[in-house]
Amino acid sequence: DVKVTQSSRYLVKRTGEKVFLECVQDMDHENMFWYRQDPGLGLRLIYFSYDVKMKEKGDIPEGYSVSREKKERFSLILESASTNQTSMYLCASRGAGSYEKLFFGSGTQLSVL
Amino acid sequence: GQQLNQSPQSMFIQEGEDVSMNCTSSSIFNTWLWYKQDPGEGPVLLIALYKAGELTSNGRLTAQFGITRKDSFLNISASIPSDVGIYFCAGTATDSWGKFQFGAGTQVVVTP
C-alpha cells in the first residue's frame, strides 16, 4: 500500500514564525501536492510538484512556498505564519501513469495564534 | 476559476437508508472522482468516472457522470455506521493537467 506520511498531526505556532510542514511518500511517485482543507470550502490546491526541484503554483499559493529536493519528500513552508493560515493541511502523491489516483496523508492541523 | 457546487452540505440519516449527493460544475469536466474522508484521516478514492453517462459501482456505492459533463452523482445504498465521514467530489478538465477541483464536501452522519 502507498504510504504518505506527514511529520506532524498537530502544530501550534505563533504569528510571524516560519513553519515547515513535511511530507514523505514511499511509492516513488513523481507528482506531489499540498492542499489546505477548510470547512465549507473543501480542498484547495496550494502548490504541486511533478518532479524533483520542479514546482507549480496551485489556486492559493500566496503566503506559501515549497521545496522538493528529493523525489520522496515535499515540504510546505510558511515564511511568516498568519492567523488566516490556521487550517488542515493535506499532502498527496500520485504516480505518473494514474493521474486520478491521489493518495493522501492523514493531514496536519495547524493553529497559528 | 472552475467552481464546484456540492450538495447537500450535511446529511443525518438512519442506518439502512439510502443517501444521494451531487456536484455541479460551471465548466465541462472530462473526469469526475468521488473521495471519502474518515474522521482523522486523509481522503480515499472511492470511484473514478471518465466519460459522460458512465455509471460505476463500488459495493453499495454508485456514481454517475452526468450527460452534460457538468455534473456527477453519488448514491450510497443501505447505509451502515461506517459510512460516516465527509464525501468529496472532484473534477478536472482536459487542459488542467490532472489538477482537480474539489467540492466543499458532504458530511454524512448515520444513526442506528
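Note on naming: letters A, B, ... go to the chains in the order of the sequence lines (proteins, then strands), and numbering restarts at 1 for each one.
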| Who wins among A:Gly107, A:Gly58, A:Gly40 for the most heavy-atom pairs under 4.5 Å with chain B? | A:Gly40
Do the side chains of [X] and [Y] join up, straight or via other hydrophobic residues, at under 4.5 Å, putting them in one cluster?
| X | Y | value |
| --- | --- | --- |
| A:Met88 | A:Ile46 | no |
| B:Phe65 | B:Phe73 | no |
| A:Phe33 | B:Leu33 | yes |
| A:Val24 | A:Tyr47 | no |

| Where is the tightest heavy-atom contact between A:Ser106 and B:Glu41, given as atom of each residue plus distance? | OG-OE1, 3.2 Å
What is the distance from atom [atom1] of [X] to atom [atom2] of [Y], rounded to the nearest 0.5 Å?
| X | Y | atom1 | atom2 | answer |
| --- | --- | --- | --- | --- |
| B:Ile86 | A:Leu43 | CD1 | CG | 9.5 Å |
| B:Phe100 | A:Tyr35 | CZ | OH | 7.5 Å |
| B:Phe102 | A:Leu45 | CZ | CG | 9.0 Å |

| task | Taking side chain to side chain contact (heavy atoms under 4.5 Å, CB included) as the test, write out the residues that go with A:Asp28, two or more places apart. | result | A:Lys71
| field | By side chain to side chain contact (heavy atoms under 4.5 Å, CB included) - contacts of A:Lys101 (at least two apart) | value | A:Ser98, A:Phe103, B:Leu45
| query | For B:Gln37, is it the side chain, the backbone, both or neither that has a heavy atom under 4.5 Å from a heavy atom of chain A? | reply | side chain
| query | Going by heavy atoms in the side chains, are B:Pro43 and A:Leu102 under 4.5 Å from each other? | reply | no
| query | Can you say whether A:Gln109 sits under 4.5 Å from chain B via the side chain, the backbone, both, or neither, judging by heavy atoms? | reply | neither
| Per-residue contact mode, A:Asp38 against chain B (heavy atom under 4.5 angstrom) | neither
| Residues, nucleotides or ligands: over 12 heavy atoms within 6.0 Å of B:Glu15 CD | yes
| Taking the side chain from A:Arg9 and the backbone from B:Gly40, do they hold a donor-acceptor pair closer than 3.5 Å? | yes
